[in-house]
Visitor: 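Before I ask anything, let me first share the structure, which is written out below as structure tokens.
Naming: A, B, ... by sequence-line order, numbering from 1 per chain. In this text the structure is predicted, and so the values were computed from the model without any measurement.
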Amino acid sequence: MDTIKIKSPVSNADIAKLRAGDKVLLSGVLYTARDAAHKRIADLMRDNKPLPLDLTGQTVYYAGPCPAPPDKAIGSCGPTTSSRMDVYAGGLIQKGIFRVMIGKGDRNGAVIDAIQQHNGLYLAAIGGAGALISLCVKKAEIAAFADLGAEAIYKLTVQDMPLIVAADCKGGNLYELQ
Amino acid sequence: MSKLRFIDAAVITQAVADLCVDANICIGADMYAALKTAHGAELSQLAKSALQDLLQNADIAQKEKLALCQDTGMAVVFISIGDTVHVQGNIEDAVNEGVRQGYHKGYFRSSVVSDPIKRTNTQDNTPAVIYYDFLQGDTLKITVAPKGFGSENMSALKMLMPSDGIEGVEEFVVQTVKAAGANPCPPIVVGVGVGGTMEKAALLAKQALLRDIGTPHPNPFWAEFELRTLSRINALGIGAAGFGGKTTALGVHVLPYPTHIAGLPVAVNIGCHATRHKTKEI
């Protein structure tokens, strides 16, 4: 099976050509965010307050990593269950934030529709392969919400992170292909 | 009466700390072998490659001393106390101190919040969830089973009616696994508690996950139920990482218990591809 190398932030051209089931190696910049960070972002947007950093066009990785051991960029760093972020994802995608998402497991119909309507992309990482994925992380720094600990937004620089396209901009869904 | 054996609570702290580190870094030999078998049997390319990644993940974790998964879980600790053992000091404090030390030493994630609604992280992964029971003799047995919530969230409990019978139990288990899809990081282990009261069924389901994978229930009726349910689950085609494929579950483990004339409680506790647990006897 061919593996497609892509860069993050992911270009519209790459988004257009990727299809559910494609194997991808992703390199570039990702921002982690999970339950607590999404809630903070949603609360700030609801109150028309500025976000602590510009996330427009950026890729989100639903993950809460382990702390970095002394000789590593980061600790174990696998995906968390994406569906917990479904309640926030549609609204963010509409605003051009986190249009490309990385996580594990199926999304609800509203997110799948938003991906199709707004030229988004949902990539699945291997659930439970946190140690393996951590070796793809070359650099990690806290970008926002430091007080949230593992739930803070981390800026990760990754190289050749193994992913599978789970939902594409044409409505294709890996979890429905089975 | 036999002579009492005194065990200092500090010994429990050290054992719990060591078990937290070991359980989070070193996959069980039984789980590794089961993943290898699943890898050999898999025909779907995507699922085979996911199983390869999970095996490699276990190798990397062990070699690099990294947690198998970033979700190093809430520590579930089973303490079995011999009836001639006397612990000097507070057991609960000793266990929590062990969790605190083990998670710090292993560079593991602190995933516990102090209140389920206010949600402030306790920053040291305490408190643990602790269960106590008693053994005959002078030993103290400790099992640490760190439980990640990708799989815990997909677990379920239902109070069936006696007329639902074994078919009802089987159907509830299969539907629970189907609804879980890719979320619990398949291939999974399915712990099933049948009978007792509501909370007893849930605890049995958790304890069923501690059995070595592939070991059948000693009672042939339940052993057949396990095999039949496993085959139905694997026919769902969820597969490794939920990418489709032959192996959705590595095993179904049932623990039955006597129950009330009016009831048939069933609990399903799902364990991930690593289903971490380590035991030490003192």
Side-chain angles (χ1 to χ4, degrees), chain A residues 1-3 20-23 32 34-36 39 61-72 74-84 103-107 124-137 147-152 162-166 174-178, chain B residues 24-25 44-47 49-72 103-104 106-111 113 119 121 123 148-151 153-154 180-188 236-245 272-274:
Chain A
M1 182 184 282
D2 287 346
T3 303
D22 285 350
K23 245 180 139 168
T32 67
R34 45 175 293 153
D35 309 62
K39 185 172 188 314
Y61 181 26
Y62 301 137
C66 282
D71 55 337
K72 305 262 185 317
I74 203 157
S76 195
C77 188
T80 194
T81 302
S82 305
S83 61
R84 292 197 318 274
K104 69 163 170 169
D106 206 358
R107 312 304 299 268
I126 310 288
L132 181 142
I133 294 169
S134 77
L135 299 187
C136 303
V137 179
D147 61 299
L148 292 179
E151 292 207 75
L163 302 165
I164 308 289
V165 177
L174 171 69
Y175 298 109
E176 282 187 354
L177 297 177
Q178 295 157 17
Chain B
N24 272 302
I25 289 177
S44 149
Q45 258 190 328
L46 276 183
S49 130
L51 286 163
Q52 181 64 49
D53 285 351
L54 292 177
L55 286 163
Q56 206 190 333
N57 184 68
D59 296 338
I60 290 169
Q62 184 138 5
K63 181 165 167 269
E64 304 278 342
K65 303 265 177 281
L66 281 164
L68 286 155
C69 176
Q70 74 292 338
D71 187 352
T72 42
Y103 275 69
H104 180 74
Y107 293 90
F108 299 153
R109 195 177 81 184
S110 297
S111 308
V113 292
R119 307 196 77 82
N121 198 304
Q123 305 294 353
F149 264 52
S151 55
N153 278 338
M154 296 296 113
N183 296 346
C185 298
I188 57 175
L236 291 171
I238 295 165
F243 295 162
C272 69
H273 78 276

Visitor: How close do C66(A) and C69(B) get, heavy atom to heavy atom, and via which atoms?
Guide: SG-O, 4.2 Å
Visitor: Contact between S76(A) and F108(B) at the side-chain level, heavy atoms closer than 4.5 Å - yes or no?
Guide: no
Visitor: Using side-chain heavy atoms (C-beta onward) and a distance below 4.5 Å, is K23(A) in contact with S49(B)?
Guide: yes
Visitor: Using 0.5 Å steps for rounding, measure from the CD atom of E151(A) to the OG atom of S110(B).
Guide: 11.5 Å
Visitor: Name the option with the most non-hydrogen atom pairs under 4.5 Å to chain A; the candidates are G106(B), G181(B), A182(B).
Guide: A182(B)
Visitor: Are any of the side-chain heavy atoms of N153(B) and T81(A) separated by less than 4.5 Å?
Guide: no
Visitor: Where does A63(A) contact chain B at under 4.5 Å (heavy atoms): side chain, backbone, both or neither?
Guide: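 Neither part, no heavy atoms under 4.5 Å.
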Visitor: Got a donor-acceptor contact below 3.5 angstrom from the R109(B) side chain to the G64(A) backbone?
Guide: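 Judged by distance alone, yes, a pair lies under 3.5 Å.
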Visitor: Using non-hydrogen atoms only, which part of L148(A) is less than 4.5 Å away from chain B: side chain, backbone, both, or neither?
Guide: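 Neither; nothing under 4.5 Å.
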Visitor: Can you name the nearest heavy-atom pair linking D106(A) to N183(B), along with the distance?
Guide: N-OD1, 4.2 Å
Visitor: Shorter than 4.5 Å, heavy atoms on both sides: which option in A150(A), G75(A), C77(A), S83(A) has the most such pairs with chain B?
Guide: C77(A)
Visitor: If every non-hydrogen atom of L54(B) is compared with every non-hydrogen atom of G127(A), which pair is closest and at what distance?
Guide: CD2-O, 3.7 Å
Visitor: Contact between F149(B) and T80(A) at the side-chain level, heavy atoms closer than 4.5 Å - yes or no?
Guide: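 A side-chain contact is absent here, since even the closest heavy-atom pair is not under 4.5 Å.
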Visitor: Roughly how far apart are K65(B) NZ and D71(A) CG, rounded to 0.5 Å?
Guide: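 One finds 11.5 Å between NZ of K65(B) and CG of D71(A).
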Visitor: Quick one: what part of A61(B) sits under 4.5 Å from any heavy atom of chain A, side chain, backbone, both or neither?
Guide: both
Visitor: Atom CD in Q52(B), atom CD1 in I126(A): separation rounded to 0.5 Å?
Guide: 11.0 Å
Visitor: Report which part of N121(B) has an atom under 4.5 Å of a heavy atom belonging to chain A: side chain, backbone, both, or neither.
Guide: neither
Visitor: For chain B, which of P70(A), A129(A), G130(A), G105(A) has the most heavy-atom pairs under 4.5 Å?
Guide: A129(A)
Visitor: For D71(B), is it the side chain, the backbone, both, or neither that has a heavy atom closer than 4.5 Å to a heavy atom of chain A?
Guide: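 Looking at D71(B), nothing touches chain A.
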Visitor: Of the backbone (N, CA, C, O) and the side chain (C-beta and beyond), which part of P65(A) lies under 4.5 Å from a heavy atom of chain B, both, or neither?
Guide: backbone
Visitor: Give the minimum heavy-atom separation between L66(B) and K72(A), together with the two atoms involved.
Guide: CD1-CE, 4.0 Å
Visitor: Please report the closest heavy-atom contact between Y107(B) and P67(A), naming both atoms and the distance.
Guide: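 What the structure gives for the nearest pair is O-CD, 3.3 Å.
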Visitor: Can you say whether S134(A) sits under 4.5 Å from chain B via the side chain, the backbone, both, or neither, judging by heavy atoms?
Guide: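 Only the side chain of S134(A) comes within 4.5 Å of chain B.
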Visitor: Under 3.5 Å, is there a donor-acceptor pair between the side chain of N57(B) and the main chain of G128(A)?
Guide: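 Flag set: sc N57(B) to bb G128(A) pair under 3.5 Å.
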